[in-house]
Amino acid sequence: MRDKVLGVIGGMGPLATDVFYKYVIENTKAECDQDHIDMVILSHASMIDRTKAIFEGRLDVLFSELKNDLGILERAGAEYAIIPCNTCHVLLDQIKQLSHIEIINMIEETAAAVYERFGRDTRVGIMATDGTVKMRMYHDAILKYDMVPVELSDEMQKLNMDIIYNGVKSGNKINIKDFHKIEAELVKRKCSCAILGCTELSVIKDQYRLSDFFVDPMEIVARKVIPLCGGKLK
């Protein structure tokens, strides 16, 4: 039986999509090319900025672009899909209705993985874009498991956004000490872990080999889709 094809709506940003592909490869038990899963990667780098779409009331534009991308993946034969952009998940329920493709919910999968690891009443730090925080996507997913979502302070959220936009998205090096300032705040507030709720932050985890305190949604969904598409996990 033919293995199922994974579609990826990526490019948000390009480095994050590159890291997702790397995670899939690194987590696949393979001795040859044919042991890896088939993927169709659409790098839609010109996609409207997701946080701007939320704050400017332009979710209709984002929806239209995601709809078109999903159609491309469907015509390419994808049967599962992943969107390596947390903020895009604000429209996931709506776009799921547009296609037979099963879209894996990165936010729900991450909350479930945190619960499995730590259990209820766990305090979970949220490092995400302003758009994801505003729409409470991780908050709601965490609360479903009787865990406690912890937002960054205004000062640390501003620093977090600077790391994302003026660091990774701009192709500039970050000061890793800034990242550790955010970590220190969350540890002080008794968080057991922090979710890297923006795929640019996953890029930093990949580059700097951060500790297990940081939960990486992209790595979680990478390991989820491998067996779904006929691959074997390491």
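Along the sequence shown, the residues carry numbers beginning at 1.
- Residue Lys205 holds its NZ atom at 7.5 Å from CG of Leu196, rounded to the nearest 0.5 Å.
- Side-chain atoms of Leu152 and Glu185, non-hydrogen and from C-beta on, do get closer than 4.5 Å to each other.
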Check against side chain to side chain contact (heavy atoms under 4.5 Å, CB included), Thr129 and Ile54: CA-CA 11 Å; Thr129 63; Ile54 289 171; over 6 Å; no
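- Linking ILVMFWY side-chain heavy atoms closer than 4.5 Å, directly or via other members, places Met135 and Tyr165 in two distinct hydrophobic clusters.
- A distance-only check finds a donor-acceptor pair linking the side chain of Thr199 to the backbone of Pro84 [under 3.5 Å].
- Contact check for Val90 versus Met137: side-chain heavy atoms found under the 4.5 Å cut-off.
- In the displayed structure, Lys29 atom NZ is contacted under 6.0 Å by at most 12 heavy atoms of other residues, nucleotides or ligands.
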After noting the C-alpha distance and the side-chain angles of Arg50 and Thr132, does the key distance pass the side chain to side chain contact (heavy atoms under 4.5 Å, CB included) rule? CA-CA 9 Å; Arg50 283 62 63 195; Thr132 298; over 6 Å; no
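- A single hydrophobic cluster is seen to contain both Leu201 and Tyr21, as judged by linkage of ILVMFWY side chains at heavy-atom distances under 4.5 Å, directly or through other members.
- Looking at Ser211 and Glu183, their side chains come closer than 4.5 Å, going by heavy atoms from C-beta outward.
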Are Asp130 and Met161 close enough, and set up right, to give a side chain to side chain contact (heavy atoms under 4.5 Å, CB included), and what steps lead you there? CA-CA 7 Å; Asp130 289 348; Met161 287 290 285; 3.4 Å; yes
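- Applying the ring-ring contact (aromatic ring centres under 6.0 Å, His included) test to every pair with at least one member in residues 128-155, sequence neighbours left out, gives these pairs: Tyr115-Tyr145.
- Within the model, atoms CZ of Arg223 and OH of Tyr23 stand 12.5 Å from one another, a figure rounded to the nearest 0.5 Å.
- Ile72 and Leu91 end up in the same hydrophobic cluster when Ile, Leu, Val, Met, Phe, Trp and Tyr side chains are linked at under 4.5 Å.
- Checking side-chain atoms of His36 against main-chain N and O of Thr28 turns up no donor-acceptor pair under 3.5 Å.
- To the nearest 0.5 Å, the span separating CD1 on Ile37 from OH on Tyr80 amounts to 11.0 Å.
- Counted by atom type alone, Ser43 and Thr17 present zero donor-acceptor pairs between their side chains at under 3.5 Å.
- At most 12 non-hydrogen atoms from other residues, nucleotides or ligands lie less than 6.0 angstrom from NZ of Lys188.
- Without hydrogens or angle criteria, Glu74 side chain to Ser99 main chain gives no donor-acceptor distance under 3.5 Å.
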Counting only pairs under 3.5 Å, give me each side-chain donor-acceptor contact of residues 120-128, with atom names and distances, residues two or more places apart or in other chains.
| unit_1 | atom_1 | unit_2 | atom_2 | d |
| --- | --- | --- | --- | --- |
| Thr122 | OG1 | Phe118 | O | 3.4 |
| Thr122 | OG1 | Gly119 | O | 2.6 |
| Arg123 | NE | Arg189 | O | 2.8 |
| Arg123 | NH2 | Arg189 | O | 3.2 |

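- Using a distance-only test at 3.5 Å, with no hydrogens or angles considered, a donor-acceptor pair links the side chain of Asn172 to the main chain of Asn166.
- Rounded to the nearest 0.5 angstrom, Gln157 CD and Glu151 CD are separated by 7.5 Å.
- For Glu155, the CD atom counts as loosely surrounded, since its 6.0 Å shell holds 12 or fewer non-hydrogen atoms of other residues, nucleotides or ligands.
- A salt bridge links Asp178 with Lys181: the distance from a Lys NZ or Arg NE/NH1/NH2 to an Asp or Glu carboxylate oxygen falls below 4.0 Å.
- When the side chains of ILVMFWY residues are joined at heavy-atom separations under 4.5 Å, either directly or via intervening members, Ile163 and Leu210 end up in a single hydrophobic cluster.
- To the nearest 0.5 angstrom, Thr110 atom OG1 is 9.5 Å from Ile142 atom CD1.
- Side-chain heavy atoms closer than 4.5 Å link hydrophobic residues (I, L, V, M, F, W, Y) into clusters, and following such links, even through other members, never connects Leu42 to Val225.
- For residues 194-234, every residue pair satisfying the ring-ring contact (aromatic ring centres under 6.0 Å, His included) rule, not counting sequence neighbours, is listed here: Phe179-Phe214.
- The closest donor-acceptor contact from the side chain of Glu65 to the backbone of Ile48 lies under 3.5 Å.
- Note that CD1 of Ile101 is 12.5 Å distant from CD1 of Ile82, once rounded to the nearest 0.5 Å.
- Partner of Val19 under the side chain to side chain contact (heavy atoms under 4.5 Å, CB included) criterion, chosen from Asp206, Ile204, Val24: Asp206.
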Met106 vs Ile83, test: side chain to side chain contact (heavy atoms under 4.5 Å, CB included). Steps then yes/no. CA-CA 8 Å; Met106 186 157 60; Ile83 307 175; over 6 Å; no
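- Counting heavy atoms from C-beta on, the side chains of Cys88 and Leu62 come closer than 4.5 Å.
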